[in-house]
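Notes follow the structure.
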Amino acid sequence: MAQIDFGGVREEVITSDEFSLEKAREVLKEETVAILGYGVQGPGQALNMRDNGIRVIVGQRENSPSYQRAIDDGFVSGETLFPVEEAARRGTVVQYLLSDAGQVALWPAVKARLNKGDALYFSHGFSIVYKDQTGVIPPDNVDVVLVAPKGSGRTVRTNFLDGSGINSSFAVHQDFTGRARERTLALGIAIGSGYLFPTTFQNEVYSDLTGERGVLMGCLAGVMEAQYTLLRKHGHSPSEAFNETVEELTQSLIRLVAENGMDWMFSNCSTTAQRGALDWAPKFRDAVAPVFADLYHRVTSGAETRRVLDVNSAPDYRQRLQKELDEIHNAEMWKAGAAVRSLRPENR
Ligand SMILES: NC(=O)c1ccc[n+]([C@@H]2O[C@H](COP(=O)([O-])OP(=O)(O)OC[C@H]3O[C@@H](n4cnc5c(N)ncnc54)[C@H](OP(=O)(O)O)[C@@H]3O)[C@@H](O)[C@H]2O)c1
């Protein structure tokens, strides 16, 4: 492990310098890694591991577009592609990458097929931490581990192909074999993590649920809409409102933050923009702080996961979701966005 100073706090991290891909291959050489679920994370992790020389099989329900996708990606029915239950039986590492609601539904079938000494792997602390809601309580005679990429499964794959990686947290919840940590790190390196940092199942799920509801998606979508609506109310054109709200952020400013941090972005914009942004940042921080406090409380109390399981387990879940997404797609703001994107030089 390397010790890195994160703003004055020293933390341990693992990169391929500390735990090489060769070592990961050695640790996993006798293992069959069964990826259960070929949705978003499943393909990214399965393909990266397969390319890294790990023995990978996929478990995916048949009669689903995801099953066909696994075939298109080179998995072969009856050889490396099976129904979920059969893959669970064959795997010595069982990567439970069904949707979190799907994990609840399939748990009795998966649990019945775990063998002594298997590693049960998650990419989210959800099922284990909220066991009172999910009923996912693993048997004592398996390792229970987590590697949680901090990015979409799509970028787990595209970053791997680009030669970069997505950072992941890792945790061991139960070490039956005495090899749980070594297995976890090997799997984290094999899926192509940029660097690995330690967490617990609980800290992973609390921070992840907060982040995606907050700055990463929920808060971002909310504040964008608020600003766009305000500008439109005051007579600004859709093109102007969208450019000042979304396009400039995604095409320019956030890239500068990614490259060198917030202060560098502030020092590389106009002095007018800089003064105003520095003055207004604390006002926004203080305005949203109570909303974040409410969010974190709802996460830790289990209210957020209860809602996820209720809504996502409904039989008409996909239709209702589609209706919500269509409303966003058809809103003026995002139609304006489509027009703006079509005008980017590379899209013309
Ligand atoms: N999405 C991400 O980028 C991301 C990032 C970090 C961590 N994670 C975690 O990774 C795990 C997988 O997430 P995901 O986003 O990849 O999930 P997802 O895209 O929603 O994938 C769902 C998978 O589960 C299957 N499934 C769902 N319900 C099922 C059921 N009742 N019976 C059988 N199969 C069912 C789906 O099959 P069908 O296609 O046939 O419906 C699909 O293969 C979760 O724990 C998630 O929190 C995800």
Side-chain angles (χ1 to χ4, degrees), residues 34-48 57-73 75 81-88 94-111 113 120-131 133-136 144-160 165-171 173 187-188 191-194 196 199 201 203-213 216-217 299 304-305 308-309 311-319 321-322 325:
I35 305 278
L36 307 189
Y38 209 71
V40 180
Q41 275 298 320
Q45 298 193 25
L47 295 173
N48 291 0
I57 62 173
V58 169
Q60 168 59 47
R61 62 179 162 193
E62 291 159 296
N63 305 319
S64 158
S66 307
Y67 194 85
Q68 185 55 47
R69 191 163 159 226
I71 292 174
D72 296 343
D73 286 345
F75 292 98
L81 174 60
F82 303 93
V84 176
E85 297 81 351
E86 178 59 15
V94 175
Q95 297 201 181
Y96 210 13
L97 299 181
L98 301 182
S99 67
D100 296 303
Q103 290 179 21
V104 176
L106 268 273
W107 175 242
V110 169
K111 184 182 177 191
R113 287 163 180 83
L120 178 62
Y121 164 116
F122 294 86
S123 282
H124 201 9
F126 191 132
S127 284
I128 293 289
V129 172
Y130 298 96
K131 61 179 188 300
Q133 294 172 28
T134 65
V136 175
V144 181
V145 306
L146 170 141
V147 177
K150 298 292 125 190
S152 164
R154 308 228 182 278
T155 28
V156 167
R157 183 60 178 162
T158 52
N159 281 23
F160 177 83
I166 289 284
N167 301 330
S168 306
S169 57
F170 74 93
H173 174 71
L187 292 161
I191 65 165
S193 301
L196 290 152
T199 186
F201 274 59
N203 280 349
E204 192 285 330
V205 73
Y206 286 0
S207 57
D208 197 75
L209 293 176
T210 301
E212 67 204 7
R213 281 155 181 71
L216 303 178
M217 286 194 284
V299 167
E304 285 299 307
T305 44
V308 169
L309 292 174
V311 174
N312 294 5
S313 309
D316 61 347
Y317 156 66
R318 278 186 197 280
Q319 293 90 303
L321 171 69
Q322 198 52 54
L325 298 181

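Position 1 is the first residue of the sequence; numbering continues from there. Treat the numbers as computed from the prediction; the structure is a model and nothing was measured. Every heavy atom of this structure was used, including side-chain atoms; hydrogens, water molecules and symmetry mates were not. When a ligand or atom number is given, it counts from 1 through the structure's own listing order.
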Pairwise, report which nitrogen or oxygen atoms of ligand 1 are under 3.5 angstrom from protein nitrogen or oxygen atoms, and how far apart they are.
residue, atom, partner, partner atom, Å
ligand 1, 3 (O), Gln41, NE2, 3.3
ligand 1, 3 (O), Gly153, N, 2.9
ligand 1, 16 (O), Val40, N, 3.1
ligand 1, 16 (O), Gln41, N, 2.7
ligand 1, 19 (O), Val40, N, 3.0
ligand 1, 24 (O), Ser99, N, 3.2
ligand 1, 32 (N), Arg61, NH1, 3.3
ligand 1, 37 (O), Gln60, NE2, 3.3
ligand 1, 39 (O), Ser66, OG, 2.4
ligand 1, 40 (O), Gln60, NE2, 3.0
ligand 1, 40 (O), Arg61, NE, 2.9
ligand 1, 40 (O), Ser64, OG, 2.6
ligand 1, 41 (O), Arg61, NH2, 2.8
ligand 1, 41 (O), Arg318, NH2, 3.0
ligand 1, 43 (O), Tyr38, N, 2.9
ligand 1, 43 (O), Gln60, OE1, 2.6
ligand 1, 45 (O), Asp100, OD1, 2.8
ligand 1, 45 (O), Gln103, NE2, 3.3
ligand 1, 47 (O), Asp100, OD2, 3.0

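- Under the 3.5 Å distance criterion, with hydrogens and angles disregarded, a donor-acceptor pair is assigned to the side chains of Gln133 and Thr305.
- A donor atom on one side chain and an acceptor atom on the other are found under 3.5 Å apart for Asp73 and Tyr38.
- Aromatic ring pairs are classed by plane angle as parallel below 30°, tilted from 30° to 60° and perpendicular above 60°; the pair Phe122 and Tyr96 is perpendicular.
- Donor-acceptor pairing under 3.5 Å is recorded for the side chains of Ser193 and Ser168.
- Of the N and O atoms on the side chains of Ser169 and Glu204, not one donor lies less than 3.5 Å from an acceptor on the other residue.
- Residues Lys150 and Asp208 are in side-chain contact: their nearest non-hydrogen atoms beyond the backbone lie under 4.5 Å apart.
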